[in-house]
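Input: a single structure, listed below in C-alpha cells.
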Amino acid sequence: MLGRLGLDAFKHGFVVMGGVATMLAAILVVVGALFYFKRWKWLWNNWLTSLDPKKIGIMYILVATIMLLRGGADALMLRTQQAVSVGSNNGFLSADHFQQIFSAHGTLMIFFVAMGFIFGLLNLIVPLQIGSRDVAFPFLNSLSFWLYAAGVALVSLSLAVGEFSAAGWLAYPPLSGIAYSPGVGVDYWIWSLQIAGLGSLLSGVNFLVTIIKMRAPGMTLMKMPIFVWTALGSMVLVIFAFPILTATLTMLSLDRTLGMHFFTSDFGGNPMMYINLIWAWGHPEVYILILPAFGVFSEVVATFSRKRLFGYKSMVYAIAAITFLSFTVWLHHFFTMGAGADVNAFFGIMTAVIAVPTGVKVFNWLFTMYRGRIRITNSIRWFLGFVVTFTLGGVMGVLMSVPAIDFQAHNSLFLVAHFHTMIIGGVLFGYFAAFNYWFPKFAGFKLNERLGRYSFWCWLVGFLLAFTPLYILGIMGATRRLNHYDASLGWQWLFIVAAVGVVVIGLGVAFQLLQIGYSIFKRHENRVGSDPWDGRTLEWATPTPIPVYNFAIIPTVTERDAFWESKRSPVAPAKVRYEDIWMPKNSGAGIIIAGFAFVLGFAIIWHIWWLAVIGLIGAITTGIIRTNNEDSEYLIPAAEVERIETEARAKRELYA
C-alpha cells in the first residue's frame, strides 16, 4: 500500500532532527501569522494565483533566498566538519551524512538558488525593458514557478522523510545506481530536478517567445538592452540544454526503478555516457546562470558611469559566441576519462577560445567606466568585486583548460575553488548588484547604502578567506568530498581559515537581511521617484509602484537606451487618449498541477504506484480543464487606466 515508506523513514540523527525542527517551526510561524492576521484569502488572490510576472518574479526571489539560507547553512556544516575532523577526531557528521549535505548543497545552490534568482529577475525586468505589458504565455509562467516550488518542496521533504542523495550534486553512476545507492536519496534528487527542470524549460520557451515577439514598436534586435540580449542567449541555452537533462534523469530513473541498464557497467550499459550527457547539459548551465549576470553588470556600469555602453555590437556578438561555444566544451570536465589526445586537445582549445568573448565583456565594462562620471553605489561595488573574483577564477579556468594541468587538479579542491569563484563571484555578485539596482523601482524606496556596504565587504573578504585556501589545498592533494584526513598532512589550518571565511560570508548575509529590514523600517524617509538612478532603459519610464499593465501606452522606440534618449530630447506632451486594456485573470491551476506533480514525484520515489497514477491523472486533467477555459482575461477600462496614470503622475512630480 505504501511501497517502501515505513517508520524507518522518519528516524534521523540529532543534527537532521534539529534541521527538521527548524523547518517545521518556520512553517508553523508563517501559518500561524496568516491565521492571526486573516490573510489567507489575500495571499491566494493577490499572490499564489497571480499571473503578473512582477509578482511571480518576487515569489521566485523569496523562495530562492530561503534556499540560499539553507544552502549556506549546509556549507557552514561542511567546512566546520573539515576543520575539526582530523586525526583521532571524527567531527560531528557521519561520512554518509556529510555526503548527503555535500550533495544537497550543490543541488540547492545551482538548481534552486541560482535558477530561482535568474527567473525571478527575468520576470521582473524583461517585459519592462522591451516595452511589453506581459510575457507571451502568462499561465505557463505561473505553472513554471509552481513546478520550481514543487521541486523545492520535494528536496526539502527529503530532510524529514527518508534521506537525500549521497552521490554528489550530479549523481555520477555507478554510485547513483541502485546497486550502490539502494535508498531513496538519489530518487529524491532525480524527481526534484525533473519537476523543477520542466518548469525551467517552459520558462525558457516563454521568455524566448516574449523577447522575439513582444518588443515595443521600433525596438529592433540591435536596439534591445544588453540585459535582454543576455536573457535571450540564456533562454536559447535552456531550450537546448534542459531536454538533455530531462532525458538523462529519465534514463537513470529507469535504471533504478525498472531495472534497465543505460548507465550500468553490465548488460551493455555505459557509466561514461551519463557523464557525457550530464555535462553536455552542465556546462551550458553555467552560462545559463552567468549570462544574465553579465547583462546586469552592463546595465549597472552604463547607468552609474552616465555613458552609453562601450562596444554594444561587440557585446552582442560576444553573447552569441558564448551561447554557441558553451556547447563545445563539456568534455573538459573529465579530461581524465581516457578519450585520447586528439579529443582532449580539441576541448582544451575550445575552452581557451570561450574565454575570449568573456574577456571582451570585461574590457567593454572597464572602457565604459573610463572617463565616465562614476557614482560609487553598492551596485558598482558588487561589479568591482566581480571583476576581482571573476578574473581570478577565469585565469584558473584557462589554466585547467590545459589537459596536462587538469590531470593534476582533477577531482581536487582546486576545482571546487574555481567553480565557486565563477558562480559566487560571477552569478551571485551579479544578482546582488541587480537587487540593489532595481529594488527602488519595485519598492519605491532605496536600500540602506551603509549596511549594503558592510555586506559587500563581508562577502568579498569572506569569499577570499573561504576559497583561497582551497586552491592551496587542491595543489597539496586534498580531494573533493573529504570528510576526514590525517593530521600529519598539515591541512587543518587551511581548512580552519576556509571555515572562518564561510562565517564571514554568513555575516555578510546577516547584513543583507538587516539592510532589507532596516530599509523597510525607514522606508518613509528614503522614498524615491520612479527614476532614482537616472536610468537608461524603459523600466524606469513606468510609474512606481508599477501598474499591473506596465505601460498604459506602449512606447515607440527609435534609439538604443530609449528612456535616456527621451529624457535628453523631450517632446512636448500631447493629449493622451487611454484605451481599454485586457489582462490575464488569476488562475489557481498552476499551483494545482504542481501539487499533483509533487504527489507524482513523491509516489515514484517511494514506489507507491496507486498514488503515482493519481498524481499523473490529476496533473493531466487539471491541465486539460485549464486549456479549455476561454474566460481567461479581464478588462481594465480606459477610465480606470487614466485614474491610475494621473495618480502616478502626481506622485512622480512629488518625488522628482
Side-chain angles (χ1 to χ4, degrees), residues 2 5-50 55-56 58-77 92 97 100-101 104-105 107-109 111-113 116 120 145-164 184-185 188 191-192 195-196 506 509-510 512-514 516-518 520-521 588 590-599 601-603 605-606 608 611 615:
L2 294 179
L5 183 60
L7 292 178
D8 288 345
F10 300 91
K11 295 179 181 179
H12 303 288
F14 177 77
V15 175
V16 175
M17 290 307 297
V20 173
T22 302
M23 183 173 67
L24 290 176
I27 293 172
L28 289 174
V29 167
V30 172
V31 171
L34 289 169
F35 275 114
Y36 181 80
F37 293 106
K38 299 179 180 178
R39 302 293 275 180
W40 281 106
K41 186 176 180 180
W42 167 85
L43 180 65
W44 178 261
N45 291 333
N46 290 280
W47 289 93
L48 302 186
T49 61
S50 176
K55 291 185 176 180
I56 291 172
I58 291 170
M59 289 192 290
Y60 264 116
I61 290 171
L62 286 174
V63 175
T65 301
I66 294 170
M67 290 297 101
L68 175 63
L69 296 176
R70 186 192 155 183
D74 287 344
L76 181 60
M77 285 193 287
F92 64 99
H97 191 198
Q100 288 187 45
I101 294 174
H105 171 73
T107 302
L108 290 174
M109 288 302 196
F111 293 97
F112 300 114
V113 175
F145 167 72
W146 286 113
L147 288 172
Y148 161 80
V152 168
L154 202 56
V155 78
S156 300
L157 184 64
S158 68
L159 189 66
V161 185
E163 61 185 3
F164 195 65
V184 296
Y188 266 117
W191 287 98
S192 61
I195 293 170
V509 174
Q512 285 174 308
L513 297 176
L514 182 61
I516 295 170
Y518 183 78
I520 293 173
F521 178 70
I591 191 171
I592 295 171
I593 292 172
F596 280 121
F598 172 86
V599 170
F602 180 81
I605 289 166
W606 290 100
I608 310 173
L611 187 60

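Both backbone and side-chain heavy atoms feed into the values below; hydrogens, waters and symmetry mates do not. Treat the numbers as computed from the prediction; the structure is a model and nothing was measured.
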*Distance (rounded to the nearest 0.5 Å) between Leu68 CG and Ile61 CD1*: 12.0 Å
*asked:* Is there a side chain to side chain contact (heavy atoms under 4.5 Å, CB included) between Trp44 and Ile591? Walk through the geometry before answering.
replied: CA-CA 10 Å; Trp44 178 261; Ile591 191 171; 3.8 Å; yes
*Could you check if a side-chain atom of Val16 sits within less than 4.5 angstrom of a side-chain atom of Phe164, using non-hydrogen atoms only?*
no
_If I take atom CD1 from residue Ile101 and atom CG from residue Leu76, how far apart are they, to the nearest 0.5 angstrom?_
10.5 Å
*Does a side-chain heavy-atom distance below 4.5 Å link Val20 with Phe10?*
no
_Using side-chain heavy atoms (C-beta onward) and a distance below 4.5 Å, is Leu5 in contact with Val161?_
yes
*Once you round to the nearest 0.5 Å, how far does CG of Leu157 lie from CE of Met23?*
7.0 Å
*Does the pair Gln100 and Ser158 meet the rule for a side chain to side chain contact (heavy atoms under 4.5 Å, CB included), with working shown?*
CA-CA 10 Å; Gln100 288 187 45; Ser158 68; over 6 Å; no
*Side-chain contact, heavy-atom cut-off 4.5 Å: Leu34 with Val30?*
yes
*Any chance OH of Tyr518 has more than 12 other-residue heavy atoms, nucleotides or ligands included, within less than 6.0 Å?*
no
_Pairs where residues 11-28 contributes a residue and the test salt bridge (Lys or Arg N to Asp or Glu O under 4.0 Å) is met, not counting sequence neighbours_ = Asp8-Lys11
*Heavy-atom closest contact (Gly72 atom, Met109 atom, distance)*: N-CE, 3.6 Å
_Closest non-hydrogen atom pair between Ile195 and Ala597, with its separation_ = CD1-O, 3.3 Å
*Measure the OG1-CZ distance between Thr22 and Arg70 for me, rounded to the nearest 0.5 Å.*
11.5 Å
*Minimum heavy-atom distance between His105 and Gly71, given as atom pair plus value*: ND1-O, 2.9 Å
*Please round to the nearest 0.5 Å and tell me the distance separating atom CD1 of Ile58 and atom CH2 of Trp47.*
4.0 Å
_Residue pair Ala150 / Ala594: nearest heavy atoms and the distance that separates them_ = CB-O, 3.7 Å
*Look up atom CG in Leu147 and atom CD1 in Ile593, then write down how far apart they are to the nearest 0.5 Å.*
8.0 Å
*Do Leu48 and Trp146 have side-chain heavy atoms sitting under 4.5 Å apart?*
yes
*Quick one: does Leu154's side chain get under 4.5 Å of Ile605's, heavy atoms only?*
yes
_Closest approach of Ala196 to Gly151 (non-hydrogen atoms, all atoms of both residues)_ = CB-CA, 4.3 Å
_Ser192 side chain near Phe111 side chain, heavy-atom distance below 4.5 Å_ = no
*For the residue pair Gly120 and Tyr60, what are the closest heavy atoms and their distance?*
CA-CB, 3.5 Å
*Please identify each residue that fulfils salt bridge (charged side-chain N to carboxylate O under 4.0 Å, His left out) with Lys41, with sequence neighbours left out.*
none
*Using a 4.5 Å cut-off on heavy atoms from C-beta on, say whether the side chain of Tyr188 contacts that of Trp606.*
yes
*Step by step, would you call Leu159 with His12 a side chain to side chain contact (heavy atoms under 4.5 Å, CB included)?*
CA-CA 9 Å; Leu159 189 66; His12 303 288; over 6 Å; no
